Amino acid sequence: MADLKDFAEQLVNLTVKEVNELAGILKDEYGIEPAAAAVAVAVGGGAEAGEAAEEKTEFDVILKAAGASKLAVVKLVKELTGLGLKDAKDIVDSAPKAVKEAVSKDEAEGIKKSLEEAGAEVELK
(Lines give C-alpha, C1' and ligand atoms only; values in the text may rest on other atoms or scores of the structure.)
Protein backbone atom coordinates (compact mmCIF):
# COMPACT_ATOMS: atom_id res chain seq x y z
CA MET A 1 0.00 0.00 0.00
CA ALA A 2 2.86 2.38 0.77
CA ASP A 3 4.21 1.87 -2.75
CA LEU A 4 0.91 3.06 -4.25
CA LYS A 5 0.93 6.15 -2.04
CA ASP A 6 4.48 6.94 -3.15
CA PHE A 7 3.49 6.42 -6.78
CA ALA A 8 0.46 8.69 -6.37
CA GLU A 9 2.64 11.36 -4.78
CA GLN A 10 5.10 11.14 -7.67
CA LEU A 11 2.27 11.54 -10.20
CA VAL A 12 0.82 14.55 -8.42
CA ASN A 13 4.22 16.25 -8.30
CA LEU A 14 5.05 15.85 -12.02
CA THR A 15 5.78 18.99 -14.00
CA VAL A 16 3.90 19.73 -17.21
CA LYS A 17 6.95 18.69 -19.23
CA GLU A 18 7.16 15.38 -17.36
CA VAL A 19 3.44 14.75 -17.87
CA ASN A 20 3.86 15.31 -21.61
CA GLU A 21 6.77 12.88 -21.69
CA LEU A 22 4.73 10.34 -19.72
CA ALA A 23 1.85 10.75 -22.15
CA GLY A 24 4.20 10.02 -25.06
CA ILE A 25 5.57 6.91 -23.37
CA LEU A 26 2.07 5.64 -22.52
CA LYS A 27 0.90 6.17 -26.08
CA ASP A 28 3.97 4.84 -27.91
CA GLU A 29 4.87 1.89 -25.74
CA TYR A 30 1.54 0.83 -24.24
CA GLY A 31 -1.10 2.12 -26.65
CA ILE A 32 -2.80 4.21 -23.95
CA GLU A 33 -4.20 7.48 -25.24
CA PRO A 34 -2.92 10.69 -23.58
CA ALA A 35 -6.37 11.61 -22.22
CA ALA A 36 -5.35 9.68 -19.10
CA ALA A 37 -2.38 12.03 -18.76
CA ALA A 38 -4.72 15.01 -18.77
CA VAL A 39 -6.22 13.66 -15.58
CA ALA A 40 -2.76 13.73 -13.99
CA VAL A 41 -2.30 17.33 -15.09
CA ALA A 42 -5.67 18.26 -13.64
CA VAL A 43 -4.78 16.62 -10.35
CA GLY A 44 -1.41 18.31 -10.21
CA GLY A 45 -2.72 21.71 -11.25
CA GLY A 46 -5.70 21.74 -8.94
CA ALA A 47 -4.64 24.83 -7.01
CA GLU A 48 -4.09 26.78 -10.21
CA ALA A 49 -7.47 25.72 -11.59
CA GLY A 50 -9.19 26.86 -8.39
CA GLU A 51 -7.57 30.28 -8.64
CA ALA A 52 -8.64 30.63 -12.27
CA ALA A 53 -12.24 29.85 -11.36
CA GLU A 54 -12.24 32.62 -8.77
CA GLU A 55 -11.04 35.13 -11.36
CA LYS A 56 -13.90 34.49 -13.78
CA THR A 57 -15.05 37.78 -15.28
CA GLU A 58 -17.46 36.70 -18.02
CA PHE A 59 -20.69 34.84 -17.41
CA ASP A 60 -23.40 33.24 -19.52
CA VAL A 61 -27.03 33.77 -18.54
CA ILE A 62 -28.88 30.50 -19.18
CA LEU A 63 -32.68 30.39 -19.30
CA LYS A 64 -33.54 27.02 -17.78
CA ALA A 65 -37.36 27.32 -18.00
CA ALA A 66 -39.87 30.05 -18.82
CA GLY A 67 -42.08 29.40 -15.82
CA ALA A 68 -45.77 30.20 -15.54
CA SER A 69 -45.74 33.58 -17.31
CA LYS A 70 -44.09 32.61 -20.58
CA LEU A 71 -45.31 35.69 -22.47
CA ALA A 72 -43.70 38.05 -19.97
CA VAL A 73 -40.43 36.13 -20.23
CA VAL A 74 -40.53 36.25 -24.05
CA LYS A 75 -41.07 40.03 -23.96
CA LEU A 76 -38.22 40.46 -21.48
CA VAL A 77 -35.85 38.27 -23.53
CA LYS A 78 -36.77 40.34 -26.59
CA GLU A 79 -35.97 43.54 -24.70
CA LEU A 80 -32.72 42.23 -23.16
CA THR A 81 -31.30 40.76 -26.35
CA GLY A 82 -32.58 43.23 -28.93
CA LEU A 83 -33.91 40.32 -30.99
CA GLY A 84 -37.23 40.18 -32.75
CA LEU A 85 -40.29 38.64 -31.11
CA LYS A 86 -39.98 35.36 -33.04
CA ASP A 87 -36.29 34.94 -32.14
CA ALA A 88 -36.98 35.73 -28.48
CA LYS A 89 -39.83 33.19 -28.46
CA ASP A 90 -37.51 30.58 -30.03
CA ILE A 91 -34.99 31.11 -27.21
CA VAL A 92 -37.68 30.69 -24.57
CA ASP A 93 -39.19 27.65 -26.30
CA SER A 94 -35.82 25.93 -26.60
CA ALA A 95 -34.85 26.35 -22.92
CA PRO A 96 -32.38 25.60 -21.49
CA LYS A 97 -30.71 28.14 -23.73
CA ALA A 98 -28.25 31.02 -23.35
CA VAL A 99 -29.93 34.42 -23.31
CA LYS A 100 -26.69 36.41 -23.06
CA GLU A 101 -23.12 35.15 -23.25
CA ALA A 102 -19.83 36.57 -22.01
CA VAL A 103 -21.29 39.41 -19.95
CA SER A 104 -19.91 40.96 -16.77
CA LYS A 105 -20.93 39.59 -13.40
CA ASP A 106 -23.02 42.66 -12.56
CA GLU A 107 -24.84 42.58 -15.89
CA ALA A 108 -25.42 38.83 -15.62
CA GLU A 109 -26.85 39.16 -12.12
CA GLY A 110 -29.12 42.01 -13.27
CA ILE A 111 -30.43 39.96 -16.19
CA LYS A 112 -30.93 36.96 -13.92
CA LYS A 113 -32.88 39.06 -11.41
CA SER A 114 -35.10 40.54 -14.15
CA LEU A 115 -35.87 37.14 -15.65
CA GLU A 116 -36.58 35.60 -12.24
CA GLU A 117 -38.95 38.47 -11.41
CA ALA A 118 -40.79 37.63 -14.64
CA GLY A 119 -41.13 34.03 -13.43
CA ALA A 120 -38.30 32.30 -15.29
CA GLU A 121 -35.73 29.87 -13.94
CA VAL A 122 -32.25 31.17 -14.67
CA GLU A 123 -28.70 29.96 -14.14
CA LEU A 124 -25.33 31.75 -14.41
CA LYS A 125 -22.36 29.88 -15.82
Side-chain angles (χ1 to χ4, degrees):
M1 189 66 156
D3 291 336
L4 287 177
K5 286 185 179 183
D6 291 340
F7 180 68
E9 187 174 325
Q10 288 175 345
L11 279 177
V12 170
N13 292 323
L14 289 176
T15 66
V16 173
K17 182 180 178 185
E18 291 170 331
V19 169
N20 285 332
E21 289 176 23
L22 176 61
I25 293 168
L26 291 173
K27 184 176 181 183
D28 296 340
E29 294 183 22
Y30 299 99
I32 299 173
E33 289 299 316
V39 173
V41 172
V43 170
E48 295 171 8
E51 291 172 13
E54 291 176 25
E55 297 174 13
K56 186 172 181 177
T57 58
E58 293 183 340
F59 295 84
D60 296 342
V61 181
I62 309 296
L63 176 68
K64 292 175 72 175
S69 52
K70 183 177 171 181
L71 183 58
V73 174
V74 170
K75 287 180 181 179
L76 186 56
V77 168
K78 178 184 180 287
E79 179 183 317
L80 291 169
T81 60
L83 296 172
L85 187 59
K86 182 184 182 322
D87 293 332
K89 182 181 179 301
D90 289 344
I91 289 175
V92 173
D93 287 342
S94 61
K97 181 94 172 164
V99 175
K100 284 274 200 164
E101 295 179 335
V103 295
S104 70
K105 183 176 183 179
D106 292 337
E107 184 179 356
E109 288 175 350
I111 293 170
K112 179 181 179 187
K113 182 179 177 186
S114 298
L115 287 167
E116 287 176 341
E117 288 173 356
E121 291 181 42
V122 184
E123 175 183 29
L124 297 181
K125 287 190 176 185

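One-based numbering along the sequence shown. Note that the structure is predicted; figures quoted are calculated from it, not measured.
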Nearest 0.5 Å, please: how far is [atom2] in [Y] from [atom1] in [X]?
X      : Y      : atom1 : atom2 : result
Ile62  : Lys97  : CD1   : NZ    : 9.5 Å
Glu109 : Ser114 : CD    : OG    : 12.0 Å
Lys112 : Glu123 : NZ    : CD    : 8.0 Å

Glu58 versus Ala102, closest heavy-atom pair with distance: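 Between these two residues, the closest heavy atoms are OE1-CB, 3.7 Å.
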Smallest separation among heavy atoms of Ala108 and Phe59, with atom names: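 It is CB-CB, 3.9 Å.
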Heavy atoms from other residues, nucleotides or ligands near CD of Glu117 exceed 12 (cutoff 6.0 Å):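 Yes, because the 6.0 Å sphere around CD of Glu117 holds more than 12 heavy atoms from other groups.
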Hydrophobic cluster partners of Ile111 (side-chain heavy atoms under 4.5 Å):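 Cluster partners of Ile111: Val61, Leu63, Val73, Val74, Leu76, Val77, Leu80, Leu83, Leu85, Ile91, Val92, Val99, Val103, Leu115, Val122, Leu124.
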